[in-house]
Amino acid sequence: KQWYQRRVRGPHKMFTTAILLGLLTVSHAAPANLGPDVKSLLDTTYTDGAGNNVTLSDLSGKYIGLYFSASWCGGCREYTPKLVKLYNRLHEDKKWEIIWVTHDKNEPDADKYFKEMPWIRLPWSEVATRGESMYKLAQCGYIPSLTMIGPDFKIINKEASGDTQDDPDGFPWPGW
């Protein structure tokens, strides 16, 4: 959030800042009117670590984080434990659920990695279809990535993983 403040100096600061903010607005603006599309995309049955089914109606009124990661990703292996601690601290009070969307190459690796996570997951059978659509909707370009969705099913931050680390108490980490 303060990237432009730290790196833009000198007599052209105001002009450069305006250009940078314009570019950031274009490239990072959260889609504002995707409520029905997001809701229909999320309308499936998920599973928790115990194998229980969780439906969209179970998520009603909650903030939702779409977490894109994979067991083979070093950055994901580093970020996931941090996100687990944050989730365990906040999810009940803040009405926050995370849906894990794997980018693993096979189901056994995904199953093993999911055992480290306390949230719910998109079923393996839907990763190539619905999961890919979720990834495109969030406009992710890399993993790990966390996209925050409000209780109204509007995206509030396409890339919140950095914000969760920079400002862990800034829930729900609205985009800028």
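Just so it is clear, the model here is predicted, and its values are computed rather than measured.
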Interatomic spacing from [atom1] in [X] to [atom2] in [Y] - rounded to 0.5 Å:
X: Glu159; Y: Leu146; atom1: CD; atom2: CG; answer: 7.0 Å
X: Thr164; Y: Tyr67; atom1: OG1; atom2: OH; answer: 9.0 Å
X: Ser71; Y: Asn106; atom1: OG; atom2: CG; answer: 7.5 Å
X: Trp173; Y: Asn157; atom1: CH2; atom2: CG; answer: 9.5 Å
X: Trp96; Y: Arg89; atom1: CH2; atom2: CZ; answer: 9.5 Å

Is there side-chain contact between [X] and [Y], with at least one heavy-atom pair below 4.5 Å?
X: Asp152; Y: Lys39; answer: no
X: Phe171; Y: Asp169; answer: no
X: Phe153; Y: Leu42; answer: yes
X: Asp109; Y: Trp72; answer: no

Parallel, tilted or perpendicular: which one describes the rings of His91 and Tyr87, with boundaries at 30° and 60°?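 Ring orientation, 0 to 90° scale: parallel.
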Shortest non-hydrogen separation from [X] to [Y] and the atoms involved:
X: Ala138; Y: Phe68; answer: CB-CE1, 4.0 Å
X: Tyr46; Y: Leu59; answer: CE1-CD1, 4.3 Å
X: Pro172; Y: Met148; answer: O-CG, 3.7 Å
X: Ser161; Y: Tyr79; answer: CA-OH, 3.3 Å
X: Lys158; Y: Thr147; answer: O-OG1, 2.7 Å
X: Ser69; Y: Cys76; answer: CB-SG, 3.5 Å

May I ask you to decide if Leu56's main-chain N or O and Ser60's side chain share a donor-acceptor pair within less than 3.5 Å?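 No, the answer is negative, given that no donor and acceptor are paired below the 3.5 Å cut-off.
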Test side chain to side chain contact (heavy atoms under 4.5 Å, CB included) applied to Pro151 - qualifying residues, sequence neighbours left out: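 So Pro151 forms a side chain to side chain contact (heavy atoms under 4.5 Å, CB included) with Tyr63.
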Throw together a table of side-chain donor-acceptor distances under 3.5 angstrom for residues 117-128, partners on residues two or more places apart or in other chains.
{"from": "Arg121", "atom 1": "NH1", "to": "Asp111", "atom 2": "OD1", "distance (Å)": "2.9"}
{"from": "Arg121", "atom 1": "NH2", "to": "Asp111", "atom 2": "OD1", "distance (Å)": "3.1"}
{"from": "Glu126", "atom 1": "OE1", "to": "Thr44", "atom 2": "OG1", "distance (Å)": "3.1"}
{"from": "Glu126", "atom 1": "OE1", "to": "Arg130", "atom 2": "NE", "distance (Å)": "2.5"}
{"from": "Glu126", "atom 1": "OE2", "to": "Thr44", "atom 2": "OG1", "distance (Å)": "2.7"}

If the condition is salt bridge (charged side-chain N to carboxylate O under 4.0 Å, His left out), which residues does [X] pass it with, not counting sequence neighbours?
X: Glu116; value: Arg77
X: Asp93; value: none
X: Glu78; value: Lys82

Identify which one of Ile99, Ile156, Leu137, Leu66 satisfies the side-chain contact (heavy atoms from CB on, under 4.5 Å) criterion when paired with Ile149.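 Considering Ile99, Ile156, Leu137, Leu66, a side-chain contact (heavy atoms from CB on, under 4.5 Å) with Ile149 is found only for Leu66.
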Which residue pairs pass the salt bridge (charged side-chain N to carboxylate O under 4.0 Å, His left out) test with at least one member in residues 53-72, sequence neighbours excluded?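 Output for this query is empty, none listed.
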Could you work out, with side chain to side chain donor-acceptor pair (under 3.5 Å) as the rule, every residue matching [X], not counting sequence neighbours?
X: Ser57; result: Thr55
X: Tyr113; result: Thr80
X: Asp48; result: Asn52
X: Asp43; result: none

One pair to check against side chain to side chain contact (heavy atoms under 4.5 Å, CB included): Ile98 and Leu83. What are the steps and the verdict? CA-CA 10 Å; Ile98 294 178; Leu83 187 58; 3.9 Å; yes
Are Lys154 and Asp37 ion-paired here, with the side-chain N under 4.0 Å from a carboxylate O?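 Salt bridge flag = no for Asp37 with Lys154.
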Verdict with supporting geometry, Ile143 and Tyr135, side chain to side chain contact (heavy atoms under 4.5 Å, CB included): CA-CA 10 Å; Ile143 59 173; Tyr135 192 75; 4.2 Å; yes
